[in-house]
Engineer: 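Got a structure for you, written out below as C-alpha cells; questions coming shortly.
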Amino acid sequence: MSTSLEYAERPAAGEAAGLLVLHHGRGTDERDLLGLADALDPQRRLHAVAPRGPLTVPGWPGHHWYVVPRVGYPDPETFHASYAALGAFHDALWARTGLEPERTVLGGFSMGSVMSYATGLGPGRPAPAGILAFSGFIPTVDGWEPDLAGRPGLRAFVAHGRGDPVIGVDFARAARERLEAAGVALEYHEGDGGHYIEPAHAAAAAGWLAVTLG
C-alpha cells in the first residue's frame, strides 16, 4: 500500500466483514490502540488497522496529528497536513483491502477521535458506516467544516468521562447536540472516569460495532 503513514494491522480471522481504523491519541503511536481491536471485535470479524500520526513535537514523546494551541481548536497548518495524509491513507486502505467506506468504522481516542470526526465528516470525503469517538471533540479549525448534511445513514458512538481533565465532557455534549440535530444515529455514553477509555464504554462500543458492521 502506497502511503506516507506508518501503520500496524490485525487481520480478521477469516474473510473480513468490515474495516476498523483506529487513530491513536497524543504522544503515542500506531501500537497504542491496536490491542483495543480485540476488545471491540473479540471474534476478529473485522480487519483492524492503526496508522501513526505523522508529526513529532519538540518536548513531547511519541507521535501527534496536530499541534494543540488550545483544546478544541487544532493548529490549522498541522491539522490540514495530517488531514490530507490521513485521507490518502484511508483511500489507499480501501483500495488495498477491497473493504469500502460503507463497511468501515473510523475510531479513535482523544486526538485520534478528533481525526476520526474530521475524516468521517469532512466535505468531499467518503462517508463511513460509523464514527467511534472516545474522549474527543468535533474540531473547530480554519478551513474545515463538517459536512453533517451529506451523511445519511451514518452511525456514531461517543463516550467521555465526566472527570476528564484534558478534554472536558462539554466537548462530547456539544458533539452530541450537533450530531443529533443533523439526524445522525447516535449512541452516547458518559462515565465518571478521566481521560481514558472506561471498560464499560469499550464493552458498549463492541456491541455498537457489531450492529454497525453486522
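Computed from a predicted model, the values in this text were never measured in an experiment.
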Engineer: Indicate, with yes or no, if the rings of F157 and H189 have centres closer together than 6.0 Å.
Structural biologist: yes

Engineer: Would you say that V166 contacts V71 through its side chain, given a criterion of any heavy-atom pair below 4.5 Å between the two side chains?
Structural biologist: no

Engineer: D147 and G150: which non-hydrogen atoms are nearest, and at how many Å?
Structural biologist: OD1-N, 3.1 Å

Engineer: Supply the atom-to-atom distance I131 CD1 to T104 OG1, rounded to the nearest 0.5 angstrom.
Structural biologist: 12.0 Å

Engineer: With sequence neighbours left out, write down each residue that passes ring pair (Phe, Tyr, Trp, His ring centres under 6.0 Å) with F171, or none if nothing qualifies.
Structural biologist: F137

Engineer: Identify the two heavy atoms, one from S4 and one from A85, that lie closest to each other, and give their separation to 0.1 Å.
Structural biologist: OG-CB, 4.2 Å

Engineer: When you group the ILVMFWY residues by side-chain heavy-atom contacts below 4.5 Å and let the links chain together, are L99 and Y7 in the same group?
Structural biologist: yes

Engineer: Donor-acceptor pairs are to be reported for all side-chain atoms of residues 16-25 against protein atoms at under 3.5 Å, with residues two or more places apart or in another chain.
Structural biologist:
| from | atom 1 | to | atom 2 | distance (Å) |
| --- | --- | --- | --- | --- |
| H23 | ND1 | G107 | O | 2.9 |
| H23 | ND1 | S116 | OG | 2.9 |
| H23 | NE2 | H90 | NE2 | 3.1 |
| H24 | ND1 | T28 | OG1 | 3.3 |
| H24 | NE2 | G53 | N | 2.9 |

Engineer: Holding to salt bridge (Lys or Arg N to Asp or Glu O under 4.0 Å), I want the full list of residues that pass it with D142, two or more places apart in sequence or in another chain.
Structural biologist: none

Engineer: Nearest heavy-atom pair of L34 and A50: which atoms, and what distance?
Structural biologist: CD1-CB, 4.2 Å

Engineer: For atom CD of Q43, decide whether the heavy atoms of other residues, nucleotides or ligands shown that lie under 6.0 angstrom number more than 12.
Structural biologist: no

Engineer: Roughly how far apart are D164 CG and S110 OG, rounded to 0.5 Å?
Structural biologist: 7.5 Å

Engineer: Rounded to the nearest 0.5 Å, what's the gap from OG1 on T119 to CG on L106? Could you check?
Structural biologist: 4.5 Å

Engineer: Are V169 and I138 in one and the same hydrophobic cluster, where Ile, Leu, Val, Met, Phe, Trp and Tyr link if side-chain heavy atoms are under 4.5 Å apart?
Structural biologist: yes

Engineer: Can you measure from CG (L33) to CD1 (I197) and round to the nearest 0.5 angstrom?
Structural biologist: 5.5 Å

Engineer: Would you check if E190 and R173 make a side-chain contact, meaning some heavy-atom pair closer than 4.5 Å?
Structural biologist: yes

Engineer: Is it the case that atom CZ in R31 sees more than 12 heavy atoms from other parts of the structure closer than 6.0 Å?
Structural biologist: no

Engineer: Check the hydrophobic clustering (I, L, V, M, F, W, Y; side-chain heavy atoms under 4.5 Å; chains of links allowed) and say if L5 and V57 are grouped together.
Structural biologist: no

Engineer: Is the shortest side-chain heavy-atom distance between W65 and V114 below 4.5 Å?
Structural biologist: no

Engineer: Taking the side chain as every heavy atom from C-beta outward, state whether L46 and L40 have any pair of such atoms under 4.5 Å apart.
Structural biologist: no

Engineer: Could you tell me if the side chain of V105 sits less than 4.5 Å from the side chain of P128, heavy atoms only?
Structural biologist: no

Engineer: Specify the closest pair of heavy atoms between A156 and L179, including all atoms of both residues, with the distance to one decimal.
Structural biologist: CB-CD1, 4.1 Å

Engineer: Among residues at least two apart in sequence or on other chains, which ones pass side chain to side chain contact (heavy atoms under 4.5 Å, CB included) with T78?
Structural biologist: L55, Y66, V67, D75

Engineer: Hey, are the side chains of H195 and P165 touching, using non-hydrogen atoms and a 4.5 Å cut-off?
Structural biologist: yes

Engineer: Side chains of V158 and R176: does their closest heavy-atom pair fall under 4.5 Å?
Structural biologist: no

Engineer: Would the distance check show the side chain of R44 and the main-chain N or O of D38 forming a donor-acceptor pair, the cut-off being under 3.5 Å?
Structural biologist: no

Engineer: Can you check ring pair (Phe, Tyr, Trp, His ring centres under 6.0 Å) on H160 and Y188, steps first, answer last?
Structural biologist: CA-CA 9 Å; H160 213 109; Y188 181 85; 8.6 Å; no

Engineer: Out of curiosity, does F89 fall in the hydrophobic cluster containing W94 (side-chain heavy atoms, cut-off under 4.5 Å, transitive links)?
Structural biologist: yes

Engineer: Does the pair R125/D91 count as a salt bridge with the N-to-O cut at 4.0 Å?
Structural biologist: yes

Engineer: Show which side-chain atoms of residues 198-209 pair as donor or acceptor with protein atoms under 3.5 Å away, not counting sequence neighbours.
Structural biologist:
| from | atom 1 | to | atom 2 | distance (Å) |
| --- | --- | --- | --- | --- |
| E198 | OE2 | G193 | N | 3.0 |

Engineer: Got a sec, which pairs hit side chain to side chain donor-acceptor pair (under 3.5 Å) with one end in residues 45-57, sequence neighbours left out?
Structural biologist: E9-H47, E30-R52

Engineer: Check whether V68 and F134 end up in the same hydrophobic cluster, where Ile, Leu, Val, Met, Phe, Trp and Tyr are linked by side-chain heavy atoms less than 4.5 Å apart.
Structural biologist: no

Engineer: Are there over 12 heavy-atom neighbours, none belonging to E102, within less than 6.0 Å of that residue's CD?
Structural biologist: yes

Engineer: Looking at OG of S82 and CD of E77, how far apart are the two atoms once the value is rounded to the nearest 0.5 Å?
Structural biologist: 10.5 Å

Engineer: Mind telling me whether F79 and W144 have parallel, tilted or perpendicular rings, with 30° and 60° as the class edges?
Structural biologist: perpendicular

